[in-house]
Every structure is written in C-alpha cells, then in structure tokens.
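First the proteins, then the strands, lettered A, B, ... as listed; each starts at 1. FYI, side chains are in, hydrogens and waters are out, and symmetry mates aren't considered; it's all heavy atoms of this structure.
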There are 2 protein chains.
Amino acid sequence: MGKDGAGMAKGKRAAGMAENRAKLIRAARAAFATQGYAAASMDELTASVGLTRGALYHSFEDKKGLLWAVVEQIDGEMAERLRAIREQAPTLWQGLLAEGCAYIEMALDPEIQRIMLLDGPAVLGDPSKWPGENACLDITMRTIRSLIEAGVVKPVDVEAAGRLLNGAALSAALWVAAADDPKEVLNKAVDAFRQLASGLLRQPV
Amino acid sequence: MGKDGAGMAKGKRAAGMAENRAKLIRAARAAFATQGYAAASMDELTASVGLTRGALYHSFEDKKGLLWAVVEQIDGEMAERLRAIREQAPTLWQGLLAEGCAYIEMALDPEIQRIMLLDGPAVLGDPSKWPGENACLDITMRTIRSLIEAGVVKPVDVEAAGRLLNGAALSAALWVAAADDPKEVLNKAVDAFRQLASGLLRQPV
DNA sequence: TCGTTCATATACGGTGCGTATGTGAGTTGT
DNA sequence: ACAACTCACATACGCACCGTATATGAACGA
C-alpha cells in the first residue's frame, strides 16, 4: 500500500495540486488586496485561474483558510525583507530604526496594507496569534533585546516595546498610504518614529 | 403647503423615527461587538428590537451606513472621556500620558476594540477620514501642540507624533486585550508607552 | 484490465443583503 | 369633516455567495 513511500510516483499529481494551490493563493492575494476579503467572490477568484470552487474547497478548509495561507505567505516575505534590512545596517540601533522605516514603507503596498493590516486582524483576530507567530514582531523584539544587552537601550519590557513600536509604524503607514503627498508625509512619519524610538535610549543621542 | 414648516406637528412621528433609529444603533453596537460586523445578521438585529429590515433601510443607507452611525457615536463618547481625563491631569505632560493610558484601557472594551479598531477600519477604511474627524486623534494633537508651545516637547510634526502615539496605544490595547493576565500586561504596556512618549521631550525627565 | 484513489467539477440548499412594492396611521387642505 | 397625501414601516422578491454533497474522469496499483 503505497501510502507515502512512492514519493516521486505520486509526485506528478501532487505537484499538480500544489501548483493549483499556489495559483489560488496568488489569485487571492490580488483579489483580497484590490476588493477586500469580504467583497472577493470565490466564484470569480477560482474562475480567474481556470478552476471552480470545488478545487478551492479541496485545497483549503474554507474562505478563511485561504486567507490564512495568504497571510502566512506574506508574513514570511515581510520577515525576510526586514531581516535583510537589519543585517545591512551598520549598528544595531540604526538597524532598529531602519526596520521601522522599512515597515512603514512596506505597508504602502496595498497587498500588505489591506490584507495584513486591515482585513487580516478583522477576520482572523489578533495578529500576535497568527501562524508564523508574527515574524515581524519577532524580529523587532530580537533587535531590542540585543540593544538592551548592549546597554544602548533602557531595560524595558522587550515585548511591550516591540509591540508599541510596531503599532506606531503601522499607524504611520496607514497615514502615509492615505495621504495626498506620500513623499512628504513619509518623511514626517519617519521623523516622528525616530523621535519616539529615541525614548528607549539609555542616553539621548 | 406645509413642507417642513409645521415642526412640532410632525414632531411626534419624527420622534418615533429617531427613537427607532436609536434602538437600532444600540442593537448594532451589541451585535457588532459580539459577533463582528460581517457575521451580524440584519434580520436578527432588527427583530431583536421588534422591527424588520424595512425600518433599517428606511433609517440608514445600508448595513455600512448603520456601522457609520455606530462608529460616530462611539467616537464621540471616547472623545468625551479623553477630554475629561486630560482636564483632570495636573500638568499637560501628565495629561498626554494619561490620555494614552486611558486610550489603552478603553480599548479593552469589546465594543471599542471590535468596532473601532478591527471592523471599523476594515469596512470603512482609514479612520482618519471618519465622520467625527477622528475626535481622539484631535485631542492628542491638541495636547501635543500645547506641549510644544510650552517648550516641553521638541518641535515635532504634531500630526505625525499624534498618529504614532495613538497607533502605539492601539496596538498596546490589542495586546492587553488578548493577554491571559491583562493586569500585568497592562502595566508593561503603560510603561512602554511612557518610555516611547518621553522620546518627544525636549529634555529627559 | 479492473478497481481504487485523488483532484476537480457539478448540483443543491441555505442565508443574507438590497430593493420594489404594499399598507395603515397620521397630516394637510378645504 | 372628509379626501388627498405623506411617512414610517412591513412584506415580498431577486440575486449573490458560501459550504457541502455528489458525480466524474484521469492516474496509479495489482
């Protein structure tokens, strides 16, 4: 009874399924980002990639399950970008600031904004309990912990500081996204973010 | 032809309508807070106050219109509470901190959390463009402006600082609300909020 | 070759929204 | 005081959408 042993044998069919799964996720990212979760029709979505709702409900629990998959994917991508940015920064402190700014800029992407910041929390609940365990928050917290150990930052509660910083960046992003002149507002937002973050410093720069 | 001139004459009927409108809003606050906007059925909601959907669509544009009314009402109440808290504080700076803490605590209320922080932004879009012109943000900004004029706070962009502070408080609130031990987490959140806010000070305390 | 499994399509029921239409109470004009 | 009208609400309808139950057809194993 070739349950899972075959591997390559059933690989072709399995690959076909994974392929369609990926196609559905890609379509969902586009549909959720442009129309919003509630307004996105699963009929249209599946048809747009040449399938029907049957395929959807075979690969995912339900509409919410598809959103979970999308959120998980985007979360991973964001975390990867943040990690790269932090490692590029010359100092840990500049890394923290750069993370915050990058977060703000990322949230200008309609996909991230709509799915991760608006519909995601409303439909799936508190982001801190999401599948990837909120990779973005983890990264911020890791940076803050290092900064405390290095004596640069006051011994604050790491999770609290990380969450509030992320929250500040988030609302900044929503503000920038809705602005008439994003460039200018982005500068203001980044400035304010640095001011607030400097409150964590042991001694002012 | 008495179009609107009568006033008191049609007052009785108009009052009846306003009464039902208020009943619907009250029911909506409860339903939206407990079930969420999407899951709240307008049939059940109207029936719960002895009406039908006919009354709803006579008083409001649509389901979203009802949410607008609810949001407007809650926004006003929050603003009123914040105003009272700020006026009670001995100094402006303490007022700003107290506002932030009060905001966090208010967001523990499921009604505020679910409607104003989760479903509201997802369904109605960016809170900064809401009807009451975002009374809470206005209050924070007013306080910051006074603090800058008093020389206590650095000359930062008022709107930027206000938005980021609100955002920090918001995410703090969501964190506290989802915590197993709200009391303890609330303390951590408030601490972190003060640390961040102190970044705005011209000179450290 | 035949049966089994798996990925997907098709068919169905239920729910909920928005709208078009009906209705009775109250108001206006004469 | 009676007829015409308005208004607040109920009723009835169509439509879209989700989730599930069932059917199908291709690949794989024996």
Candidate nucleotides D:dA10, C:dA9, C:dG16, ranked by approach to the side chain of B:S41 - the nearest:
C:dG16
Toward the 5' end of DNA chain D, which comes first, A:E44 or A:G54, by nearest nucleotide?
A:E44
Any side-chain to backbone donor/acceptor pair from A:K63 onto A:Y37? Under 3.5 Å, distance only.
yes
Over how many whole Å does the gap from A:Q35 atom CD to D:dC17 atom P extend?
10 Å
Okay, side chain of B:K188, backbone of A:V156: is any donor-acceptor separation there less than 3.5 Å?
no
Side chain B:R26, main chain B:V49, donor-acceptor under 3.5 Å
no
Which part of the nucleic acid does A:A40 contact within heavy-atom distance under 4.0 Å: base, sugar-phosphate only, or nothing?
sugar-phosphate
Between A:E159 and B:W175, is any side-chain donor less than 3.5 angstrom from a side-chain acceptor?
yes
Which of residues 22-34 of chain B sit near DNA chain C, with a heavy atom under 4.0 Å from it?
none
Would you check if A:I25 and A:Q73 make a side-chain contact, meaning some heavy-atom pair closer than 4.5 Å?
yes
Return the value, rounded to whole Å, for the distance between atom CG of A:L66 and atom C1' of D:dC17.
15 Å
Nearest-neighbour nucleotide for the A:M42 side chain, D:dA10, C:dG16, D:dC18 considered:
D:dC18
Looking at side-chain heavy atoms only, is the closest gap between B:R163 and B:T140 below 4.5 Å?
no
Taking the side chain of B:R53 as its heavy atoms from C-beta onward, which of D:dT20, C:dT10, D:dC13 lies nearest to it?
D:dC13
Expected output is a numbered-order residue list: members of residues 55-65 of chain A with a heavy atom under 4.0 Å from any atom of DNA chain C. What is it?
A:A55, A:H58
Whole angstroms only, please: what is the CG-P distance between A:L51 and C:dC6?
19 Å
With a 4.0 Å cut-off on N to O distance, would you call B:R29 and B:E77 a salt bridge?
yes
Could you tell me the separation between the CH2 atom of B:W130 and the CG atom of B:D75, rounded to the nearest 0.5 Å?
7.5 Å
Whole-Å gap separating C1' (D:dC18) and CG (A:D43):
9 Å
Whole angstrom value for the distance that separates C1' of C:dT8 from CD of A:E19:
15 Å
Nearest-nucleotide pick for B:N20, side chain only, options being C:dA9, D:dC9, D:dC13
D:dC9
Taking A:S59 for the side chain and A:L56 for the main chain, is one N or O donor matched with an acceptor at less than 3.5 Å?
no
